[in-house]
Amino acid sequence: MEMEIDDTPKPKGEETKGKPIVVILVGAPGSGKSTFCEQVMASSTRPWVRICQDTIGNGKSGTKSQCLKSAASALNDGKSVFIDRCNLDREQRAEFVKLGNPNVDVHAIVLDLPAKLCISRSVKRTGHEGNLQGGKAAAVVNRMLQKKEFPKLSEGFTRITFCQNESDVQAAHNTYSALGPLDTLPNGSFGQKNPDAKIQLGIMRFLKKVEVPANTVSDANSIQSSVSHKNTEEKEPSYKGHDNISSFSGNASKELKEGENLAVCSSGSHASLNNTPTLAFPSISTSDFQFNLEKASDIIVEVVEEYVNKLGSARLVLVDVSHKSKILSLVKTKAAQKNIELNKFFTFVGDITKLYSEGGLRCNVIANAANWRLKPGGGGVNAAIFNAAGPALEVATKEQAQSLHPGKAVVVPLPSTSPLFSREGVTHVIHVLGPNMNQHRPNFLNNDYIKGCQILREAYTSLFEGFASIIRTQGKLAKVSNENLDSNPSGAQEVIEGANTKHSPNNDQKSKREHEHDYDRSKKCKGSQDEIGADIPESKIGKVDKNNDKIDGSMTKAWGSWAQALHKIAMHPQTHKDVVLEISDDVVVLNDLYPKARRHLLVLARSEGLDRLSDVSKDHLQLLKTMHNVGLKWVEKFLQEDASLIFRLGYHSVPSMRQLHLHVISQDFDSKNLKNKKHWNSFNTAFFLDSVDVLEEVSSHGKATLRDDESLLSMELRCHRCRSAHPNIPRLKSHISNCQAPFPPSLLQNSRLVLAPCNAGIDP
DNA sequence: GTTCTAGAAC
DNA sequence: GTTCTAGAAC
């Protein structure tokens, strides 16, 4: 693999894999160094040795030279090593850093957790190996923190990871646990956020409660000033110019020449592997879909030119695996003619799933030339990406969408469990579907290049828009996560990805039961209709239905007696004047009896026999539009009362209540009636079908694609804005009451969210 | 859809 | 001990 832009010869065959690592933990007592090592060692497939000065002396306190000796011997055996001692200043670390050489990487993991937390852990600790207990702990921790010097790449580290809260620690744990014997991690400094405010004022009050030498307390101010003095040095970590950095990955010198400051990839944990946002994308439609290369290259350059300046410092990279790629050379020539800046757009030869590990090119986002089903398989880029990303991508994709129209793109956040995330630093995959000129593939355009060009242009536009929305989201997320640090020092519940992999036996059994239940129910429904005949006129169904109500009862039973309330209201709204807000010939509007948000109303269809979305056909398109418009009218009214509200309009794939009803619901989900997983997931997974999408599908396919998979309703609880996972409903609710992150890109598209006109230009 | 509650999880 | 979930009944 090589970079096309500077024709660096490729140093292939260089043995960069399978290197042992020395990981130097840096952190005060109580910061969780030993726990970190133990947890990684428990789940890692790489051979690790933990060198702990507290235990190495076999009862007596150990020495530094003992640690160095056993570290060296473990490295000789090809094992990776954790140096589990405080290592808080440069001098303490120096000799361990010297263990590194071209075949041994030296990493630092900085556990920079709040001093208050370290102290309280140390104080509580009873069986700690270093025998640092009780009130003395506070004094010791605090004295050590005064000497704290953050590690720098210039000391000789190849990689430094800063952890400032529990979720950072979790992310680092995931990264190191996932490291197989042959894997290497990207070089650089990651995760340093707010280098100021090292010592929280609160700990001084805390310290007064424990036994502390007088000088420690009275030194409060000098601690602060000395620390912040150090930080000013650290605000501009030197990256460029150090030998170990310019040899970074051997073949990526161009990366550095471009002036990229890898050390400034701080931000939140979501962005911890990023620096300059970069989208790598394959040429769309020109391979299997046989789109004309000349025309395709014109369109690529045209759309790139339009976006390249809208995207700030972000970069776009057209990737092809072949050296002889015609499309790359066409695009390269045309881009040069248009004087598109090379540091913002260039072409690259390589495997899009190994851009960083094999090509040294950091791309936080990659595009996939997807198929319309968004499924793995086929060949080419799609197969490669799904293979490399593992099953996590398939699951995450399903969460966003189930199919794709030509010209459209869908942004999928990649779970940190995916190897593409941990190895390549890819945080998002954007699936794109282009126009097809191959008669053996779906949606064949039969050489209609007018339409084809239009769709291809739309495809690249959707792709770059998706990329732009990721940049916006990450920028804001980083800001929000910093803000949260103050208000929520525990932070532990913030992103628990990876901790939720226990989907197996219980859930399987349960979903099986649910499916059986579902099957029974639909059988009953279908059965009673089938007996009557599938295509009898609606009026007759109405009649039979009435009979069911009064005589047979099987229909009633299929829905459950409690499920009839909306049907009754739709049929006889005038007798429910107490709850009904609006009646027309087509619809009835009412507040949901148990609103799941500040504003939550239902727009009922009045047609008899239209029980749910699966009953909808093209004949109902006008009715669906009416329902949507009536919903929008109410939204407008609500927004006049409270412009901060944001609304979503949509249907449940499988409703619990009979009679087709559109939910109009504000996105605060601030309601005591929202009590369980099913409530949350029915509005915040693919189970909830946006009205705009339903309209589009019914108008193009005559029916809506339902997500009647009830496992959606038992999915892990994720914030609808920042997508963080939460262990239970109360914790989720407390999170969403504060989360100001912008909504995911999928919701920002196609007017799925409706907000006040004055907010329309701002990302919600 | 909700309510109630046993028992799992913390 | 309390909190929270999830299944049964309605």
Side-chain angles (χ1 to χ4, degrees), chain A residues 124 166 170 490-494 496 499-522 524-525 549 553-571 576 578-580 588-597 599-605 610-614 650-665 669 671-685 687-689 708-718 725-737:
Chain A
K124 274 185 211 149
E166 294 290 353
Q170 184 64 48
S490 73
Q493 68 273 40
E494 281 304 305
I496 44 173
N500 290 298
T501 40
K502 48 166 187 175
H503 268 296
S504 35
N506 250 346
N507 254 3
D508 281 352
Q509 264 181 3
K510 199 181 69 209
S511 61
K512 197 173 161 195
R513 265 204 308 279
E514 281 172 352
H515 278 134
E516 281 164 6
H517 172 74
D518 208 21
Y519 174 67
D520 269 346
R521 190 169 62 186
S522 56
K524 271 174 204 156
C525 274
D549 263 354
S554 73
M555 200 69 163
T556 315
K557 207 177 163 189
W559 274 105
S561 56
W562 44 263
Q564 303 291 346
L566 297 180
H567 178 254
K568 285 180 184 156
I569 294 170
M571 294 305 124
H576 295 86
D578 48 336
V579 291
V580 167
V588 173
V589 180
L590 70 154
N591 279 314
D592 193 295
L593 186 57
Y594 298 92
K596 303 297 183 292
R599 289 294 187 186
H600 181 186
L601 51 76
L602 304 176
V603 181
L604 304 186
L610 199 57
D611 288 345
R612 49 185 152 187
L613 212 46
S614 59
Y651 300 86
H652 284 156
S653 286
V654 182
S656 298
M657 305 291 281
R658 178 181 176 193
Q659 195 64 23
L660 182 69
H661 54 282
L662 172 70
H663 290 270
V664 177
I665 184 164
F669 295 106
S671 163
K672 64 178 179 21
N673 297 308
L674 200 159
K675 292 175 177 168
N676 58 46
K677 218 172 209 184
K678 186 173 175 179
H679 291 154
W680 178 258
N681 284 333
S682 71
F683 290 101
N684 291 291
T685 63
F687 188 86
F688 188 83
L689 303 169
D708 56 355
D709 177 0
E710 297 215 3
S711 65
L712 285 169
L713 297 176
S714 48
M715 283 198 342
E716 60 184 359
L717 298 166
R718 280 186 181 272
H726 299 268
N728 55 46
I729 289 287
R731 298 269 277 275
L732 173 76
K733 290 180 85 169
S734 107
H735 169 85
I736 58 172
S737 67

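In what follows, every chain begins at residue 1, and chains take the letters A, B, ... in the order their sequences are listed.
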Inset, instruction - Kindly say if A:K596 contacts the phosphate of B:dT2, meaning a side-chain N or O under 4.0 Å from OP1 or OP2. - result: yes
Inset, instruction - Give one of base, sugar-phosphate or nothing for A:H652, where a contact means two heavy atoms less than 4.0 Å apart. - result: sugar-phosphate
Inset, instruction - Report the distance from atom NZ of A:K678 to atom C1' of B:dT2, rounded to the nearest whole Å. - result: 11 Å
Inset, instruction - Round to the nearest Å and state the distance from A:L674 atom CG to B:dG1 atom C1'. - result: 13 Å
Legend entry - Chi angles and distances behind the side-chain contact (heavy atoms from CB on, under 4.5 Å) call for A:R612, A:W559: CA-CA 11 Å; A:R612 49 185 152 187; A:W559 274 105; 3.8 Å; yes
Expected rows: protein N/O vs nucleotides 8-10 of chain C N/O, under 3.5 Å:
from, atom 1, to, atom 2, distance (Å)
C:dC10, N3, A:W562, NE1, 3.3
C:dC10, N4, A:W562, NE1, 3.2

Legend entry - Closest contact, heavy atoms only, A:L660 versus A:L613: CD1-N, 3.5 Å
Inset, instruction - With sequence neighbours left out, write down each residue that passes ring pair (Phe, Tyr, Trp, His ring centres under 6.0 Å) with A:F669, or none if nothing qualifies. - result: A:W680, A:H720
Could you write out each protein N or O paired with an N or O of nucleotides 3-7 of chain B at a distance under 3.5 Å?
from, atom 1, to, atom 2, distance (Å)
B:dT3, OP2, A:K675, NZ, 3.0

Legend entry - Rounded distance in Å - CG (A:D611) to P (B:dG1): 14 Å
Legend entry - With sequence neighbours excluded, residues passing side chain to side chain contact (heavy atoms under 4.5 Å, CB included) with A:K678: A:S656, A:N676, A:L713
Inset, instruction - Please report, rounded to the nearest Å, how far the C1' atom of B:dG1 is from the NE2 atom of A:H567. - result: 16 Å
Inset, instruction - First locate atom NE2 of A:H600, then atom CG of A:N591, and finally report the distance between them rounded to the nearest 0.5 Å. - result: 9.5 Å
Inset, instruction - Identify the heavy atoms of A:L604 and A:L566 that sit nearest to each other, and give their distance. - result: CD1-O, 3.5 Å
Inset, instruction - Could you list the residues that satisfy ring pair (Phe, Tyr, Trp, His ring centres under 6.0 Å) with A:F687, not counting sequence neighbours? - result: A:H652
Inset, instruction - Starting at NE2 of A:H661, measure out to CG of A:D592 and round the result to the nearest 0.5 Å. - result: 7.5 Å
Inset, instruction - For A:L593, answer base if it contacts any base atom (sugar-phosphate contacts may also be present), sugar-phosphate if it contacts only those atoms, and nothing otherwise; contact means non-hydrogen atoms under 4.0 Å. - result: nothing
